[in-house]
Amino acid sequence: MKSLEDMEIAFDCGLRTWEAGTVEKHASVMGHKIVREIKRKTKVVSGNLRRRFFFRVERRGKDTVIVISNDADYAAPVNNGHRIVRGGKTVGMFKGHHMLERGIETYKNTYLADDIQGMLDALKGALK
């Protein structure tokens, strides 16, 4: 370190790294809660669809993003709906269950405000 300016730059870099880690930690907690609510909204036949929901936290530039996924082949048609085809002809429509949207909405209404406040409190605590 050559000067106070170098020390300030190093401090800012360390603070940004710590803030990113704090945000990612809280985003992970949020992701767990979101997936739990989605699983609660998912109807069970064999349990495979419910088991295969997962999330990951990604950094995209300055943003931290929670990505919700399900790798079951039929997850999208069950969630969004699909045509019912017999003998090459459409004979009806299956209305989707929209468990993804309903689970996220439940999370927003139940937990989001408290989780955001917890994250802000953690970030403010470092500045004291």
Side-chain angles (χ1 to χ4, degrees):
M1 304 250 168
K2 294 185 180 180
S3 69
L4 288 176
E5 292 168 354
D6 291 341
M7 198 157 106
E8 182 180 354
I9 291 169
F11 178 76
D12 286 343
C13 182
L15 183 60
R16 280 194 299 274
T17 302
W18 178 85
E19 286 173 341
T22 299
V23 169
E24 288 177 8
K25 183 181 98 177
H26 281 82
S28 181
V29 170
M30 296 164 113
H32 281 289
K33 290 179 182 179
I34 293 167
V35 167
R36 182 181 64 213
E37 291 303 322
I38 292 169
K39 286 181 176 185
R40 287 180 177 168
K41 303 292 183 191
T42 303
K43 299 209 183 218
V44 178
V45 175
S46 68
N48 186 53
L49 183 62
R50 182 181 279 185
R51 261 191 315 274
R52 294 176 79 172
F53 275 107
F54 61 94
F55 76 96
R56 66 183 180 279
V57 177
E58 294 181 356
R59 298 271 304 156
R60 293 183 183 168
K62 291 185 177 184
D63 296 331
T64 300
V65 179
I66 302 169
V67 179
I68 309 294
S69 300
N70 188 313
D71 58 0
D73 296 343
Y74 51 91
V78 171
N79 187 65
N80 303 328
H82 58 87
R83 296 180 307 140
I84 299 171
V85 179
R86 292 198 182 108
K89 294 186 178 192
T90 300
V91 295
M93 292 293 293
F94 172 80
K95 291 180 76 173
H97 291 293
H98 304 288
M99 61 268 187
L100 183 66
E101 294 84 355
R102 290 176 29 233
I104 291 171
E105 190 63 31
T106 300
Y107 169 79
K108 284 180 181 178
N109 294 335
T110 308
Y111 302 106
L112 183 61
D114 291 337
D115 287 348
I116 295 293
Q117 189 60 50
M119 185 185 320
L120 291 174
D121 291 345
L123 292 170
K124 285 179 190 174
L127 300 176
K128 289 182 179 181

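Side chains are part of it too, since the values below use all heavy atoms of this structure and drop only hydrogens, waters and symmetry mates.
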Please check if [X] and [Y] belong to a single hydrophobic cluster, counting links between Ile, Leu, Val, Met, Phe, Trp and Tyr side chain heavy atoms closer than 4.5 Å.
X: Ile104; Y: Leu112; result: yes
X: Tyr107; Y: Ile116; result: yes
X: Phe94; Y: Val91; result: yes

Verdict with supporting geometry, Tyr74 and Leu49, side chain to side chain contact (heavy atoms under 4.5 Å, CB included): CA-CA 8 Å; Tyr74 51 91; Leu49 183 62; 3.8 Å; yes
Would you check if the side chain of [X] reaches a backbone N or O of [Y] as a donor-acceptor pair within less than 3.5 Å?
X: Asp63; Y: Val65; answer: no
X: Arg50; Y: Val44; answer: no
X: His98; Y: Asn79; answer: yes
X: Thr42; Y: Ile38; answer: yes
X: Ser46; Y: Asn48; answer: yes

Side chain to side chain contact (heavy atoms under 4.5 Å, CB included) between His97 and Lys41, worked out: CA-CA 8 Å; His97 291 293; Lys41 303 292 183 191; over 6 Å; no
So, taking the atom named [atom1] in [X] and the one named [atom2] in [Y], what distance separates them when rounded to the nearest 0.5 Å?
X: Ile66; Y: Lys33; atom1: CD1; atom2: NZ; answer: 11.0 Å
X: Glu37; Y: Ile68; atom1: CD; atom2: CD1; answer: 11.5 Å
X: Asp121; Y: Asp114; atom1: CG; atom2: CG; answer: 10.5 Å
X: Met93; Y: Arg83; atom1: CE; atom2: CZ; answer: 8.0 Å
X: Thr64; Y: Arg59; atom1: OG1; atom2: CZ; answer: 4.0 Å
X: Leu120; Y: Thr22; atom1: CG; atom2: OG1; answer: 11.5 Å

Within 6.0 Å of CG in Asp71, more than 12 heavy atoms from elsewhere: yes
Residue pair Ala122 / His26: nearest heavy atoms and the distance that separates them: CB-CE1, 3.7 Å
salt_bridge(Arg56, Glu58) N-O dist < 4.0 Å: yes
Pairwise side-chain contact, Lys39 with Arg51, heavy-atom cut-off 4.5 Å (strictly under): no
Check: Leu100 and Glu105 side chains under 4.5 Å, non-hydrogen atoms: no
Steps toward side chain to side chain contact (heavy atoms under 4.5 Å, CB included) verdict (Arg40, Arg36): CA-CA 6 Å; Arg40 287 180 177 168; Arg36 182 181 64 213; 3.6 Å; yes
Check against side chain to side chain contact (heavy atoms under 4.5 Å, CB included), Phe53 and Met99: CA-CA 11 Å; Phe53 275 107; Met99 61 268 187; 4.2 Å; yes
